[in-house]
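Values below: every heavy atom of this structure, side chains too, minus hydrogens, waters and symmetry copies. Predicted model, so just to flag it, every value in this text is computed and none were measured.
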Amino acid sequence: MDLPVDEWKSYLFQKWSLLPKSIQITISAAETLNDIFLHSSSLLQSEDEMFLKRLSRGYLVEKDPNAPLFYREEGNKKFQEKDYMGATVLYSKGVSHSRPTTEDISLCYANRSAALFHLGQYETCLKDIIRAQMHGYPERLQPKMMLRKAECLVTLGRLQEASQTISDLESNFTAKSTLAASQFQILQRTLCRLKTKVQKKENFTETFPAALTKAFEDVDLREENEQISNASSSVSLCTDPLKGRYLVATKDILPGELLVKEDAFVSVLNPREMPPLHYGLESKWDTRVTNEDLYCHRCLKHTLATVPCDGCSYAKYCSQECMQQAWDLYHSIECSLGGLLLTLGVFCHIALRSTLLARFEDVNRVIRKLCGEISNKDICLPESKNLLQKLSYDLGEESEKNGRTFEPPIPGCDGNGKYEHNYNAVFNLLPHIENHSPEHKFLCALSVSALCRQLEAASLQTLNTSLKSSQPKAPMSPALCQDLHIWGVAMLRHMLQLQCNAQAITIIQQTGSKENIITNSRQVRLATGIFPVVSLLNHSCSPNTSVSFMSTVATIRASEQIAKGQEILHCYGPHESRMGVAERQQKLRSQYFFECNCPACQNEQHRTTTAPRWEAFCCNRCKALIQGDDVLSCSNSSCTEVVNRDHLESRLRGLQQHVGMAQKLLRNGKLEQAIELLLGCQRDAESFLSAEHSVVGEIEDELAQAYAALGDWQKSAAHLQKSLQVVEIRHGPSSVEMGHELFKLAQIFFNGFAIPEALNTIQKAEKVLLVHYGPWNDEIQELQKMRSCLLDLPPIPVGPSI
């Protein structure tokens with residue numbers, strides 16, 4: 001996903017292995033990005049490009065004129081089944097494959113508006129009605145759609161517009177007299193019903209997603225930092241020869257305080273896996289729902305009614321405005337390269353998009369910097385040397401003119417020492433040339449080289465072809481055409497940077513059936529982005545901050561009290577509550593090229609071989625913990641129990657299989673069978689797992705789900721409270737995992753009308769989640785609704801004492 005598809009990787013690694021040893025040594029010994037790019041790209045042959053093109057064709061990103069009818073019919077089936085969400089997505093797929101101003105696209109928009117109406121998405125329904133009309137929706141089908149429009153307007157309280165719509169309908173049919181008397185009577189009855197509905201209509205309150213977006217825009221940093229853009233004044237930027245740039249607290253910071261709020265400099269939605277290449281409609285036109293269908297490809301906002309690119313079927317947006325912004329910034333160049341970019345992976349796509357966005361800053365400054373790197377080795381192209389002479393001034397010269405002497409700024413900062421959210425900051429993220437393997441650098445360089453050749457071909461085609469499409473063509477910027485070699489080096493730099501500096505943009509997605517009374521959720525990677533300020537934070541396996549995302553905006557909050565002068569630390573993935581020290585160290589070495597010496601790692605390295613309690617086995621006789629390597633012995637000195645580790649791990653695998661079977665029974669609604677199997681798993685776990693083992697917590701959580709589905713709130717709460725104990729031991733009482741689990745417990749108490757317990761748990765869950773997410777998190781909003789509902793209930797009468 002991040003790197004190119006496996007077939008292209010295998011192909012290039014094979015090519016590398018067959019290179020003469022002398023060429024391998026030359027590339028391996030290359031010290032600059034320019035040398036790596038020049039030596040590697042010269043080896044790209046036409047047969048390599050043909051193989052890459054064949055792989056790219058596996059992605060169906062062009063518009064297929066036969067697809068809209070297929071998706072519309074599939075959507076109609078879902079609509080008849082009253083699966084309006086499924087119908088909406090399928091109609092959207094039809095929209096994506098339709099050409100502008102065709103009957104296909106107008107029919108797909110109109111059908112989608114009907115599904116959205118049934119989902120209660122009235123504002124979005126109206127937008128789709130307008131889109132259907134704009135693209136030439138057939139006049140013979142207009143009446144039904146216009147009645148839907150009037151219904152939406154009435155529901156939204158826009159009475160004057162609704163009345164005008166009905167009046168226009170009446171006038172139109174009276175003038176044309178094409179409507180049968182019975183149909184006209186139906187129209188009149190509908191009008192009367194709508195007018196009656198208007199009289200009863202209360203003031204309409206704004207829908208939650210819109211209100212949430214508006215409110216989130218108001219959640220800003222209390223006092224912005226003068227030294228670091230998008231950061232709080234509570235932090236300061238420092239540098240150290242060993243650990244590089246880092247942030248420290250300038251004052252005591254409380255849990256939950258917002259430290260960084262930064263929009264991604266660039267982000268790319270993570271694509272689905274490539275479907276297998278088979279023949280037949282079902283495989284050719286994918287009906288599966290993926291994040292590509294539900295999130296805007298520019299701003300990452302969740303949307304049911306996507307607006308497609310006019311030129312390809314892949315890129316989709318939340319609005320016409322987002323589509324136009326994407327087109328102007330980068331998609332005008334990316335559009336024809338869709339299949340290639342999906343084949344080359346997210347990192348290559350981000351590398352291209354970063355250089356395209358650089359054109360909108362001081363492009364001459366950017367090219368000067370790139371040329372400067374190349375000219376240091378006297379390998380700069382003639383055009384680039386001229387450009388370098390023309391743009392000769394630098395920060396040092398500027399400071400001399402002002403009569404001041406500056407120390408070299410921290411990398412990424414401007415002449416005034418400010419770290420801005422811009423391309424200069426992105427460019428100065430370390431590519432770690434010396435740490436990447438020669439094979440990896442060869443893979444990245446040839447992938448970028450292949451992309452550059454396609455860019456060159458696309459630019460020539462754009463310049464030599466008349467403008468036939470309705471989509472405005474944006475020829476490639478002269479700066480990008482003129483110095484494609486320079487931009488190729490820049491893209492290689494970014495691709496190598498991303499292994500250490502890419503940030504996964506995640507969302508909390510609900511799992512399981514919508515009918516589930518208890519909400520299960522998991523963190524899902526939605527996109528990958530570059531955040532120059534967030535990248536300043538160093539890693540700790542036990543961090544003092546928490547990161548969350550709203551669209552493309554990352555927020556960093558203090559997850560605990562941070563003292564003045566203490567470093568602000570972020571977890572890069574390997575966390576002490578999720579994996580042991582050896583695994584963490586290995587992952588950090590292989591991906592980030594450093595040895596972690598955080599307190600969590602130091603403390604664990606000095607411990608005995610005892611596993612953490614959430615992974616520990618217990619003695620079958622006395623229930624004390626057992627420890628050891630291949631052979632484990634009881635920690636109770638009076639017990640002589642000894643057991644082989646392989647035997648215990650085999651039992652654990654068997655237990656996990658049974659838990660998986662129980663989960664499947666739960667999903668299929670076979671609750672009694674699931675409970676019986678889970679209770680058996682519970683008894684088995686007690687005989688050899690510690691009480692805080694993660695699998696014990698998983699079993700208790702599943703039992704809570706099952707009893708909740710049966711309406712046995714008391715048993716459900718009892719099991720979930722046992723699961724909470726495991727979560728607290730593993731992740732800590734103030735962890736985000738604890739917050740999610742408390743939220744589930746609040747739901748159980750709320751549904752069981754255990755009012756004091758519910759209010760108490762709501763308060764605890766809210767306190768934890770506020771620290772990690774701030775006030776506009778979905779779960780916090782739900783907790784507040786539950787509290788309001790409980791407080792509005794009449795007091796329960798107390799009967800006479802017996």
| query | Where do Cys622 and Cys634 land on the side chain to side chain contact (heavy atoms under 4.5 Å, CB included) test, with the steps shown first? | reply | CA-CA 9 Å; Cys622 66; Cys634 185; 3.4 Å; yes
Heavy-atom side-chain proximity of [X] to [Y] below 4.5 angstrom:
| X | Y | answer |
| --- | --- | --- |
| Val581 | Gln585 | yes |
| Leu569 | Leu537 | no |
| Gln656 | Leu652 | yes |
| Glu741 | Ser723 | yes |
| Tyr773 | Ile508 | yes |
| Ser559 | Pro543 | no |
| Lys764 | Lys767 | no |
| Met738 | His731 | no |

Can you give me the closest heavy-atom contact between [X] and [Y], atom names plus distance?
| X | Y | result |
| --- | --- | --- |
| Ala691 | Val726 | O-CG2, 3.7 Å |
| Val426 | Gln497 | O-NE2, 3.0 Å |
| Gln503 | Val534 | OE1-CG1, 3.9 Å |
| Val736 | His772 | N-NE2, 3.3 Å |
| Leu742 | Thr761 | O-CG2, 3.4 Å |
| Ile699 | Ala685 | CD1-CB, 4.1 Å |

Taking atom [atom1] of [X] and atom [atom2] of [Y], what is their separation to the nearest 0.5 Å?
| X | Y | atom1 | atom2 | answer |
| --- | --- | --- | --- | --- |
| Glu700 | Gln705 | CD | CD | 12.5 Å |
| Glu420 | Gln227 | CD | CD | 11.5 Å |
| Asn291 | Ile507 | CG | CD1 | 5.5 Å |
| Phe743 | Asp778 | CZ | CG | 9.0 Å |
| Leu655 | Cys681 | CG | SG | 5.0 Å |
| Ser694 | Leu689 | OG | CG | 8.5 Å |

For the backbone of [Y] and the side chain of [X], can you confirm whether one donor and one acceptor N or O come within less than 3.5 Å of each other?
| X | Y | result |
| --- | --- | --- |
| Lys9 | Leu3 | no |
| Asp252 | Lys564 | yes |
| Arg525 | Ile505 | no |
| Asn603 | Pro599 | yes |
| Arg353 | Ser267 | yes |
| Ser234 | Ala249 | no |
| His436 | Pro431 | yes |
| Ser716 | Ala704 | yes |

Taking ring-ring contact (aromatic ring centres under 6.0 Å, His included) as the definition, give me every residue that meets it alongside [X], ordered by chain and number, with sequence neighbours left out.
| X | answer |
| --- | --- |
| His658 | none |
| Phe347 | none |
| His432 | Phe593 |

| request: Tell me, with the steps shown, if Leu720 and Ile748 meet side chain to side chain contact (heavy atoms under 4.5 Å, CB included). | output: CA-CA 9 Å; Leu720 197 60; Ile748 292 172; 3.4 Å; yes
| request: Mind running side-chain hydrogen bond (donor to acceptor under 3.5 Å, both in side chains) on His693 and Glu615 for me, showing each step along the way? | output: CA-CA 5 Å; His693 198 286; Glu615 294 177 357; over 6 Å; no
| message | Tell me whether Arg589 forms a cation-pi arrangement with Phe594, defined as NZ or CZ under 6.0 Å from the six-membered ring centre and within 45 degrees of its axis. | response | no
Would the number of heavy atoms belonging to other residues, nucleotides or ligands and lying under 6.0 Å from [atom1] of [X] be above 12?
| X | atom1 | answer |
| --- | --- | --- |
| Gln591 | CD | yes |
| Lys243 | NZ | yes |
| Asp630 | CG | no |
| Lys418 | NZ | yes |
| Lys587 | NZ | no |
| Glu226 | CD | no |

Any Lys/Arg nitrogen of [X] or [Y] sitting under 4.0 Å from an Asp/Glu carboxylate oxygen of the other?
| X | Y | answer |
| --- | --- | --- |
| Arg651 | Asp646 | no |
| Arg683 | Glu686 | no |
| Arg578 | Glu737 | yes |
| Asp701 | Lys722 | no |

| request: Check step by step if side-chain hydrogen bond (donor to acceptor under 3.5 Å, both in side chains) holds for Asn777 and Ser548. | output: CA-CA 10 Å; Asn777 170 260; Ser548 62; over 6 Å; no
| Between Ile433 and Leu33, is a side chain to side chain contact (heavy atoms under 4.5 Å, CB included) present by the stated rule, with each step listed? | CA-CA 8 Å; Ile433 302 172; Leu33 289 163; 3.5 Å; yes
| Quick one: are the ring centres of Tyr423 and His494 less than 6.0 Å apart? | yes
| message | Centre-to-centre under 6.0 Å for Tyr592 and Tyr572, is that the case here? | response | yes
| Worked verdict on Glu702 versus Gln663 for side-chain hydrogen bond (donor to acceptor under 3.5 Å, both in side chains) | CA-CA 7 Å; Glu702 296 297 337; Gln663 290 170 336; 3.0 Å; yes
| message | Is it the case that the side chains of Gln784 and Glu766 hold a donor-acceptor pair, with the cut-off being a distance below 3.5 Å and no angle test? | response | yes
| task | Would you check if there is a donor-acceptor pair between the side chains of Ser635 and Gln627 at a distance under 3.5 Å? | result |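 On atom types as modelled, these side chains do not qualify, holding no pair under 3.5 Å.
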| request: Give the C-alpha distance, both sets of side-chain angles, the deciding distance and a yes or no for side chain to side chain contact (heavy atoms under 4.5 Å, CB included) between Leu770 and Arg557. | output: CA-CA 10 Å; Leu770 276 169; Arg557 295 178 183 275; over 6 Å; no
| message | Check the orientation of Phe617 and Phe688. Use parallel for under 30°, tilted for 30 to 60°, and perpendicular for over 60°. | response | parallel
